[in-house]
Structures are given as structure tokens and as C-alpha cells.
Amino acid sequence: MVTVEDVRRLASTLPRSSEHLIRDRIKFRVGSIVYVAFSRDETVMGFGFPKEERAALVAAEPEKFMLPSESDMRYNWVHVWMAAIDEAEMRELVIEAWRMCVPKKVYNAYTTLR
């Protein structure tokens, strides 16, 4: 099972990423844009994801992914059960969410360093 600490280790390597504790919830941001956030009990991870693709993601694996609350539907956002993903999938979800928040040149520089 993936933990918040696993996400923290990855997020700390991403340029312009910062961690914040907001109302007892851990969030990772680029500037003021949140790209990953956890439920208070840390069992669910919300992450940035294109609005136009999220219905297909949730429909493909409804036991793993879920739509955000009605108030968050206006954002590029999806939720995933932490227990349902492995480290490789977590890395992909977090990096892609971060990529949506940074300039292309920052992402390109990061990928050439890896």
C-alpha cells in the first residue's frame, strides 16, 4: 500500500513543489495551485487530472477511482483509494498532476534529469 510518506518523498523531488498542512489535511502545491491532497484519514488521495478524461478513468476502474465532491467538480480533480494503487501508479498520477501545474520548460528540464 502506498502511504503519504511515499508521496512526500516523490513530491520533494519535484521542482517548485511545496507541502502544506491546511485544515488538518496534507496538500502539495505549485505556487497556489494544489496538485495533490489527502483526506484527513489519509486513505484517499485527490490529484489533478483533466476534466474531460476523468469520467472515463472512473468508469474504467470504479473500485479504485472516484469523482470528487460536487463542489470540486469544477476543478481538474479526481480521487483514488490509497490502498488500491502501487508505487508505480502513484508516481505516474503525482507526476502528471504536478506537470499540469508547472511550465513546460520546468517539466522538460525535470524529465531530462531523470
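Note: hydrogens, waters and symmetry copies are ignored here, and every other heavy atom, side chains too, is used.
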Closest approach of Pro15 to Val106 (non-hydrogen atoms, all atoms of both residues): CB-CG1, 3.8 Å
Aromatic ring pairing Phe65/Phe47, orientation class (parallel under 30°, perpendicular over 60°, tilted between): perpendicular
Reported NE2-to-OG distance for the pair His20 and Ser32, which is rounded to 0.5 angstrom: 9.5 Å
Cluster link Ile33 to Met73, ILVMFWY, side chain under 4.5 Å: no
Parallel, tilted or perpendicular: ring planes of Tyr110 versus Trp98, cut at 30 and 60 degrees: perpendicular
Chi angles and distances behind the side-chain contact (heavy atoms from CB on, under 4.5 Å) call for Val7, Phe28: CA-CA 9 Å; Val7 176; Phe28 293 92; 4.0 Å; yes
Check: Asp72 side chain, Pro68 main-chain N or O, donor-acceptor pair, under 3.5 Å: no
Salt-bridge present (Lys27, Glu19; N to O < 4.0 Å): no
Shortest non-hydrogen contact between Ala37 and Arg25, atoms and distance: CB-NH2, 4.0 Å
Joint cluster assignment, Met45 & Leu67, ILVMFWY side-chain distance < 4.5 Å: yes
Glu63 atom CD, over 12 foreign heavy atoms within 6.0 Å: yes
Residues clustering with Trp77 (ILVMFWY side chains joined when closer than 4.5 Å, directly or via others): Val34, Tyr75
Heavy-atom closest contact (Ile85 atom, Val2 atom, distance): O-CG2, 3.3 Å
Contact summary for Met82 and Met1, nearest pair of heavy atoms: O-CG, 4.0 Å
Phe38 side, atom CZ; Thr43 side, atom OG1 - distance, nearest 0.5 Å: 10.5 Å
Pairwise distance CD1(Ile95) to CG(Leu10) - rounded to 0.5 angstrom: 5.0 Å
Close side-chain approach of Arg29 to Ile22, heavy-atom, < 4.5 Å: yes
Closest heavy-atom pair and its distance - Val78, Arg54: CG2-CB, 3.4 Å
Criterion side-chain contact (heavy atoms from CB on, under 4.5 Å) on Val102 and Tyr107, from CA distance to verdict: CA-CA 7 Å; Val102 295; Tyr107 175 72; 4.1 Å; yes
CD-CZ distance between Glu92 and Arg99, expressed to the nearest 0.5 angstrom: 10.5 Å
Flag, side chain of Asn76 to backbone of Gly48, donor-acceptor distance under 3.5 Å: no
Straight-line distance of Arg91 CZ to Arg9 CZ, nearest 0.5 Å: 10.5 Å
Other residues, nucleotides, ligands: >12 heavy atoms within 6.0 Å of Arg16 CZ: no
Close side-chain approach of Val94 and Met90, heavy atoms under 4.5 Å: yes
Asp6 (side chain) donor-acceptor with Thr3 (main chain) under 3.5 angstrom: yes
Inter-residue atom distance Arg40.CZ - Ile26.CD1, 0.5 Å rounding: 12.0 Å
Heavy-atom donor-acceptor pair, Ser39 side chain to Val44 backbone, under 3.5 Å: yes
Heavy-atom pair with the smallest gap, counting every atom of Leu21 and Asp24: CD1-C, 3.8 Å
